[in-house]
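In what follows, a single structure is set out as C-alpha cells and then discussed.
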Amino acid sequence: MLLDDEMKTKLSPYLEYIEQPVVLNICVKNDELSQQVRAFAQEIAALSPKISLNEVTLERTGSFTIDTQTAKSGITFAGLPLGHEFTSFIMALLQVSGRKPKIDDKLIEQIKTINQKLDFISYVSLSCHNCPDVVQALNIMAVLNPNISHTMVEGSSFQSEVEAKNIMAVPTVYLNGSEFFGGRMSLEQIVAKLGITSTAADLNNKEPYDMLIVGGGPAGAAAAIYAARKGIRTGLLSETLGGQVLETLAIENIIGQKYTEGPKFMAEVFEHLKEYPIDIIPAIAATKLSKGKLIELTLTNGAILKAKSLVLATGARWRNINVKGEFDFKNKGIVHCPHCAGPLFTGKEIAVIGGGNSGVEAAIDLAGIVKQVTLIEFAPELKADKILQERLKTLANVTVVTNAQTTEIGGKDTVASLSYSDRASGKQTTINVQGVFILVGLMPNTEWLADSVKRNKFGEIEVDKHGATNIPGVFAAGDCTDSAYKQIVISLGSGATAALGAFDYLIRQG
Ligand SMILES: Cc1cc2nc3c(=O)[nH]c(=O)nc-3n(C[C@H](O)[C@H](O)[C@H](O)COP(=O)(O)OP(=O)(O)OC[C@H]3O[C@@H](n4cnc5c(N)ncnc54)[C@H](O)[C@@H]3O)c2cc1C
C-alpha cells in the first residue's frame with residue numbers, strides 16, 4: 001500500500017471536485033519503480049469512478065501522464081509524486097479534469113497567449129519543500145496551453161539521468177533540452193523569465209500610488225493590508241511573493257497557530273491580501289530609489305513607478321562567504337537548503353560551513369544521508385545551542401573543524417574539494433567533498449538603495465519607532481531594517497507600524 005489512511009483522507013474531499021473523467025496513462029515494465037507506479041495509479045483509480053487507468057509507452061519507464069479521455073494535458077510524473085509532491089499530484093488531477101487554477105485571470109491570459117513550443121522538465125526530490133511551487137506552476141502552464149508540456153522527474157528514481165546532467169540542486173528546471181533555472185520560482189517569475197510580462201510601458205503608465213510597498217514577505221504583506229484598509233491607492237511590488245518564510249518547513253511561533261508550514265502560511269497571507277484592492281506587481285525587482293516631488297522607484301526593466309509614500313520591506317537572503325569557486329559551482333554542489341538538496345548527496349562526502357543553529361541542524365540532518373560531514377566554523381567554538389552540539393557529538397560520521405577559514409571551493413564541472421586554513425597556525429588543508437552547504441546567516445537586501453537611504457554598518461535600514469527612514473515619506477519594515485530581532489511576527493508588526501507611519505505622513509502632507 002503506497003497510500004496510507006492519512007493520504008486517502010487528505011485526497012477524498014478533493015476527488016469530489018473532479019469535473020470530467022481523467023485517465024492515468026502509465027508506462028511500466030517489471031522493475032521495482034514500475035511496480036510502485038502501477039500500484040500507486042491503481043490505488044488512486046480505486047478511489048473514484050472518474051479516474052481510469054491505461055498502459056502506454058512513454059519516454060521514461062516508471063512514469064505516467066494525467067489526461068482527459070479526449071486530450072493530452074502535457075503533464076507527466078516520472079517516479080512517484082509522494083512526499084511534498086503529493087499535493088502537486090492532487091492539484092494536477094483536478095486541473096486536468098477542468099478545475100480552473102487559482103491564479104490571476106491576467107496571468108491565465110498571458111500563459112494562454114504563448115505560441116511557442118515549451119517542453120519543461122523539473123528535477124525534484126520528495127523532501128524538497130521548494131519544489132512543489134515550481135512543479136505546480138509548470139503543471140498549470142501545461143494545463144492552460146497545449147503548446148506547453150511539463151515532466152516532473154523524481155531524482156532518486158532516475159539517478160543516472162540526474163548524474164548525467166550534473167544536477168546537484170533541486171528543483172532544477174530544463175526547458176527544451178537546456179538548463180533554464182534552479183531553485184524556487186513562482187509562476188509569475190517563470191512567466192517573467194520567458195519574457196511574457198507587463199512591459200515597461202504598462203508600468204510607466206500607472207498612476208502614482210498613495211503608498212507603494214516593496215517586498216512580498218510578511219512585512220510587505222502586512223504593510224499592504226494596513227494601507228489598503230485606509231482606502232488609499234496601494235501597490236505592492238515584489239521580486240518573489242512569499243519571502244524567506246517559503247524556506248521554512250515548520251513554524252511554531254506564530255502566536256495563535258500552534259503549528260504551520262511556511263508555504264501554507266504565506267498562501268493564507270496572500271489570500272488575505274487579495275481581499276483588498278492592492279495592485280500587485282510580481283516578479284520584478286526595484287533597482288533604484290530617488291525622491292523629487294514624488295518618490296520614484298526604478299525597476300529592473302527600466303520602468304519607473306511613482307508614489308507619495310513608500311514602505312521598504314525587502315527582507316534578507318542567505319549570506320555568501322565570498323571565496324574562490326563559490327559562484328562557479330552554484331547549483332553544482334553549493335547549496336543553501338539542506339532539506340531540499342540533501343537526498344542528492346546520499347552516500348557522498350560533504351562540508352557544512354557555519355556552526356550556528358542552522359549549520360549544526362543541517363549537519364545533524366545530513367549525517368543520516370551522506371557518508372561523511374565536515375562542519376567548518378570560523379570562530380574558535382560552535383555557536384549553536386548546547387542541545388544541538390551534544391547531539392552532533394554523538395554522530396560518528398561528523399568531523400567538526402573550528403577556527404577555520406574556508407579559502408576555496410574547487411572542482412571541474414561540480415564541487416570536488418574544499419580548502420580551509422587554520423586561523424591559529426595558518427596551515428592549509430584540502431578535503432574531498434562533493435557538496436558544500438553554506439549556512440552562515442543572512443544579509444539585508446538593501447545594496448540597491450546605494451546612498452539613498454541611511455543604513456547601519458550591516459546594511460540594515462535605520463528606522464525610528466514609526467518605521468520612518470531618513471527620507472521623508474520613505475518607511476521600512478522587517479528584516480531589511482535595524483530591528484533587534486528578525487522573526488515573522490516581528491515583521492508582520494513592523495509592516496503594520498510602517499504603513500501606519502506612512503499613512504500619518506500622508507495625512508500631514510494634506
Ligand atoms: C530557514 C529560515 C527559517 C526561519 N524560521 C522562522 C521561524 O520558525 N519563525 C519565525 O518567526 N521566523 C523564522 N525565520 C525568519 C523569518 O522568515 C523572517 O524574519 C521574515 O520572513 C522576514 O520577513 P520580511 O518580510 O521582512 O522579509 P522576507 O521574508 O525576506 O521578504 C522580502 C521580500 O522582498 C522581496 N525583495 C527583495 N529585494 C527586492 C527588490 N529589490 N525589489 C522587489 N522585491 C524585493 C523578496 O523577493 C521577498 O519577497 C526563518 C528564516 C529562515 C531563512
Side-chain angles (χ1 to χ4, degrees), residues 129-130 183-186 188-189 192 212-225 235-255 257-263 265-266 269-270 273 280-289 297-301 303 305 310-319 336-340 354 356-359 361-362 365 437 439-450 452-453 459-461 463 467 476-499:
H129 57 280
N130 284 325
R184 177 194 290 278
M185 266 220 190
S186 65
E188 289 84 356
Q189 284 178 302
L212 178 60
I213 290 109
V214 192
I225 289 173
L236 185 144
L237 167 92
S238 194
E239 195 173 6
T240 67
L241 292 175
Q244 290 167 63
V245 185
L246 299 181
E247 305 273 331
T248 313
L249 216 48
I251 306 175
E252 297 174 346
N253 56 3
I254 296 177
I255 313 310
Q257 294 205 25
K258 284 188 201 153
Y259 176 89
T260 187
E261 291 180 356
F265 176 69
M266 284 316 287
V269 167
F270 279 95
L273 199 86
I280 299 178
I281 305 168
I284 305 188
T287 54
K288 191 176 155 204
L289 188 162
L297 205 61
T298 308
L299 313 188
T300 36
N301 65 357
L305 297 176
L310 190 80
V311 175
L312 297 166
T314 52
R317 64 175 186 281
W318 292 111
R319 187 179 290 280
H336 291 289
C337 177
H339 299 294
C340 308
N357 280 346
S358 45
E361 273 174 20
D365 281 357
F437 290 70
L439 296 152
V440 292
L442 299 160
M443 60 190 291
N445 293 318
T446 56
E447 301 89 335
W448 65 278
L449 292 165
S452 62
V453 177
E460 299 166 335
I461 301 167
V463 288
D479 280 16
C480 65
T481 70
D482 60 355
S483 74
Y485 305 104
K486 317 289 194 222
Q487 288 284 282
I488 296 164
V489 289
I490 294 170
S491 295
L492 291 167
S494 68
T497 301

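We number each residue from 1, following the sequence as shown. Whatever order the structure lists them in is the order used to number ligands and atoms, beginning at 1. Computed from a predicted structure; not experimentally measured.
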Side-chain heavy atoms of Cys337 within contact of His129, under 4.5 Å: yes

With a 4.5 Å limit on heavy-atom distance, are the side chains of Thr240 and Arg184 in contact? no

Is there a donor-acceptor contact under 3.5 Å from the side chain of Gln189 to the main chain of Ser186? yes

Minimum heavy-atom distance between Leu442 and Trp318, given as atom pair plus value: CD2-N, 3.6 Å

Among Ile488, Asp479, Leu299, Thr240, closest by any non-hydrogen atom to atom 47 (O) of ligand 1: Thr240

Are Leu299 and Leu305 close enough that some pair of their side-chain heavy atoms sits under 4.5 Å apart? yes

Students should be able to answer this: which protein heavy-atom is nearest to atom 35 (C) of ligand 1, and at what distance? Ser238 OG, 3.5 Å

Over all atoms of both residues, closest heavy-atom pair of Ala221 and Leu273: O-CD1, 3.5 Å

Main-chain N/O of Ala477 paired with Thr481 side-chain donor or acceptor, under 3.5 Å: no

Backbone or side-chain N or O of Ala286 under 3.5 Å from ligand 1 N or O: yes

Nearest-contact summary for atom 25 (O) of ligand 1 - protein heavy atom, Å: Ala219 N, 2.9 Å

For atom 2 (C) of ligand 1, what's the nearest protein heavy atom and its distance? Thr248 OG1, 3.7 Å

With atoms numbered from 1 as shown, which atoms in ligand 1 lie under 4.0 angstrom from a non-hydrogen atom of Asn253? 7 (C), 8 (O), 9 (N), 10 (C), 11 (O)

Residue set satisfying side chain to side chain contact (heavy atoms under 4.5 Å, CB included) with Thr446, at least two apart, ordered chain then number -> Thr314, Pro444, Leu449, Arg455, Ile461, Cys480

Do the non-hydrogen side-chain atoms of Val463 and Thr497 ever get within less than 4.5 Å of each other? no

Is any N or O atom of Val489, backbone or side chain, closer than 3.5 Å to an N or O atom of ligand 1? no

Nearest protein heavy atom to atom 14 (N) of ligand 1, by residue and atom, and its distance? Gln487 NE2, 4.5 Å

Using the rule side-chain contact (heavy atoms from CB on, under 4.5 Å), only one of Ile213, Val453, Leu212, Asn445 pairs with Leu312; which is it? Val453

Check each atom of ligand 1 against the heavy atoms of Ala316 and keep those under 4.0 Å away; list them by number with element. 30 (O)

Carboxylate-amine/guanidinium contact Arg317 Glu239, below 4.0 Å: no

Side-chain contact, heavy-atom cut-off 4.5 Å: Val245 with Ser491? no

In ligand 1, which numbered atoms sit nearer than 4.0 Å to a non-hydrogen atom of Trp448? 41 (N)

Checking contacts here: is it the side chain or the backbone of Val214 that comes within 4.0 Å of ligand 1, counting heavy atoms only? Could be both or neither. side chain

Which residue from Ile281, Thr481, Ile254, Thr314 reaches closest to atom 45 (C) of ligand 1 through any of its heavy atoms? Thr314

Residues in side chain to side chain contact (heavy atoms under 4.5 Å, CB included) contact with Ser238, at least two apart in sequence or another chain: Leu236, Leu241

Geometric N/O contact Ser491 with ligand 1, under 3.5 angstrom: yes

On a heavy-atom basis, I'd like to know which of Lys486, Glu239, Gln244, Met266 is closest to atom 53 (C) of ligand 1. Gln244

Ligand-side contact atoms (ligand 1) for residue partner Gly217, heavy atom cut-off under 4.0 Å: 25 (O), 29 (O), 31 (O), 33 (C), 49 (O)

For atom 21 (O) of ligand 1, find the nearest protein heavy atom and state the residue, atom name and distance (0.1 Å precision). Val245 CG2, 3.4 Å

In terms of residue, atom name and distance, what is the protein heavy atom nearest to atom 33 (C) of ligand 1? Gly216 N, 3.5 Å

re atom 34 (O) of ligand 1, the protein heavy-atom contact at minimum distance is Gly215 CA, 3.3 Å

Under 4.0 Å from a heavy atom of Ala313: give me the atoms of ligand 1 that qualify, with their elements. 32 (C), 33 (C), 34 (O)

How close does the nearest protein non-hydrogen atom get to atom 27 (O) of ligand 1, and which residue and atom is it? Gly315 CA, 3.2 Å

Near Gly243, which atoms of ligand 1 are under 4.0 Å from a heavy atom of that residue? 28 (P), 29 (O), 31 (O), 48 (C), 49 (O)

Element-labelled atoms of ligand 1 that are located less than 4.0 Å from some non-hydrogen atom of Gly478: 26 (O)

